[in-house]
Amino acid sequence: MPELPEVETVARGLQQAIAGRRIMSVSMGKTDFIDDPAAIEQQLPGRRIERVERYGKFMLLRLSEANGTAKGSDGGTKDIGSATRESASAALLVHLGMTGNLAPSLAALPHEKHTHVTFLLDDGRELRYTDSRRFGRMAYLERAPLGVELERFGADPLEITSEEFAELVRGRRARIKALLLDQSVLRGVGNIYADESLWRAQIHPARLGANLNLREVEVLRRALQAILRNAIALRGSSISDFLDAEGQPGEYQRHHRAYGREGKKCFRCGATIRRAIVAGRSSYFCPACQHAPRGKRRTGKRVKRMSGKSGSKG
DNA sequence: CGTTGAACCTGTTTGC
DNA sequence: TGCAAACAGGTTCAAC
């Protein structure tokens, strides 16, 4: 469910709502989606949530240092000055999967179904993680392992330059849809925004990255960035159940041009939007203005080509 | 290197 | 109304 704009929306909401709060205790239900549940139960109580960030489709709850050095004579004011850099960059990593949600609520309110993790905060509220399918992920990571973990991911789609994007895409023979979805290429793009970007750029999802020309690649990058920015401004897409940290749905689903519109008319040319499986995922596109890759068309026309592109090796 | 299908788990929608 | 199949915003892994 949540892609970059939805995760950004949730992260901003949480930053507003819970940054600075201290975690008093943790309780857990099902934990099969948590890397090391015991680590969370042991490490989180007593720590403050310094801030909430987004990294691709992950949320990072940056944690204060463990204040476990028990010998403090009084429980008084803490020194924030010095060591906030070293071990302070431990974090709780949260991925919402398809159905995850992380939001604060009054402790007095009954738990929603599928509430699997509850953090009691120092102001009496609870930060609750719910996830019916448990496709999400949660992990407590200290500075070094966090760095290793984050290195697995590719570029931020909102930051990537023209040159970087062109190199990533044109150096690969995978389908462009697969490349957009590949988190080690770009971090944060999912099925909705991949399809929306390709529609806007008028590029068929099954085209191979290596076969896109420079103009197409740049049009695609701009389409992707414009769509992501717009979607963030509208607080994401709420298809069935996505809600932000304040329980509000997003608005961007009203702006979808391709995703979920099978059988409806293309807003640009009036042809009928089709759905096909590309890169293993439902893909919505306009067969008229997003031209299918050559050699993959079944128009009956055979295209003769000269052979002989010797490949370079890697 | 790249593709495909299955698996993870639950809920909702669709079709007969 | 009932029941089964298909499908869902994601990720990972084995097999080819």
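Keep in mind that the numbers below use all heavy atoms, side chains included, and drop hydrogens, waters and symmetry copies. All chains are named by letter (A, B, ...) in the order of the sequence lines, taking the proteins before the strands, and each is independently numbered beginning at 1. On a predicted model such as this, the values are computed, not experimentally measured, just so you know.
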For the [atom1] atoms, the ones on [N] and on [M], what distance do you get once it is rounded to whole angstrom?
{"N": "B:dC1", "M": "C:dG10", "atom1": "P", "result": "24 Å"}
{"N": "C:dC3", "M": "B:dC9", "atom1": "P", "result": "25 Å"}
{"N": "B:dG2", "M": "C:dG9", "atom1": "C1'", "result": "24 Å"}

Which comes earlier along DNA chain C counting from the 5' end, the contact point of A:Tyr284 or that of A:Leu181, where each point is its nearest nucleotide?
-> A:Tyr284
With heavy atoms under 4.0 Å as the rule, sort [X] into base, sugar-phosphate or nothing.
{"X": "A:Gly280", "value": "nothing"}
{"X": "A:Arg137", "value": "nothing"}
{"X": "A:Tyr193", "value": "nothing"}

Paired with A:Arg207, the side chain to side chain donor-acceptor pair (under 3.5 Å) test is passed by just one of A:Glu216, A:Gln290, A:His291, namely A:Glu216
Nearest to side-chain heavy atoms of [X], which nucleotide of [options]:
{"X": "A:Arg175", "options": "B:dT10, B:dT3, B:dG2", "result": "B:dT3"}
{"X": "A:Arg134", "options": "C:dA8, C:dG9, B:dC9", "result": "B:dC9"}
{"X": "A:Gln183", "options": "C:dT11, B:dT10, B:dT3", "result": "C:dT11"}
{"X": "A:Arg275", "options": "B:dT3, B:dG11, C:dA8", "result": "C:dA8"}
{"X": "A:Met98", "options": "B:dT10, C:dA8, B:dG2", "result": "C:dA8"}
{"X": "A:Arg133", "options": "B:dG11, B:dC9, C:dG9", "result": "B:dC9"}
{"X": "A:Asp32", "options": "B:dC9, C:dC7, C:dG10", "result": "B:dC9"}
{"X": "A:Ser132", "options": "C:dG10, B:dG11, B:dG2", "result": "B:dG11"}
{"X": "A:Arg152", "options": "B:dG2, C:dG9, C:dT12", "result": "C:dT12"}

Look at [X] and [N] and indicate whether a side-chain polar atom (N or O) is within less than 4.0 Å of OP1 or OP2.
{"X": "A:Arg281", "N": "C:dA8", "value": "no"}
{"X": "A:Lys30", "N": "B:dT10", "value": "yes"}
{"X": "A:His95", "N": "C:dG10", "value": "no"}

Report the distance from atom [atom1] of [X] to atom [atom2] of [N], rounded to the nearest whole Å.
{"X": "A:Leu168", "N": "B:dC1", "atom1": "CG", "atom2": "P", "answer": "14 Å"}
{"X": "A:Asn191", "N": "C:dG10", "atom1": "CG", "atom2": "P", "answer": "6 Å"}
{"X": "A:Lys177", "N": "B:dT3", "atom1": "NZ", "atom2": "P", "answer": "13 Å"}
{"X": "A:Leu186", "N": "C:dG10", "atom1": "CG", "atom2": "P", "answer": "14 Å"}
{"X": "A:Asn101", "N": "B:dT10", "atom1": "CG", "atom2": "C1'", "answer": "16 Å"}

Check: A:Glu126/A:His111 side-chain N/O donor and acceptor closer than 3.5 Å = yes
Can A:Thr99 and A:Arg133 be counted as having a side-chain donor-acceptor contact under 3.5 angstrom?
-> no
Taking the six-membered ring of A:Phe33, is the NZ or CZ of A:Arg134 close enough (under 6.0 Å from the centre) and on axis enough (within 45°)?
-> no
Complementary nucleotide of C:dG9, counting Watson-Crick and G-U pairs under 3.5 Å = none
Counterpart base for B:dC9, defined by Watson-Crick or G-U wobble contacts under 3.5 Å = none
Taking the six-membered ring for Trp and the single ring otherwise, decide whether the centroids of A:Tyr252 and A:Tyr259 are under 6.0 Å apart.
-> no
Heavy-atom pair with the smallest gap, counting every atom of A:Pro157 and A:Leu186 | CA-CD2, 4.2 Å
Ring-on-base stacking between A:Phe135 and B:dC8, under 5.5 Å between centres and under 30° between planes: is it there?
-> yes
Do other residues, nucleotides or ligands put more than 12 heavy atoms under 6.0 Å from A:Arg21 CZ?
-> yes
If you find the nucleotide of DNA chain B closest to A:Gly171 and the one closest to A:Ile277, which residue's nucleotide is nearer the 5' end?
-> A:Gly171
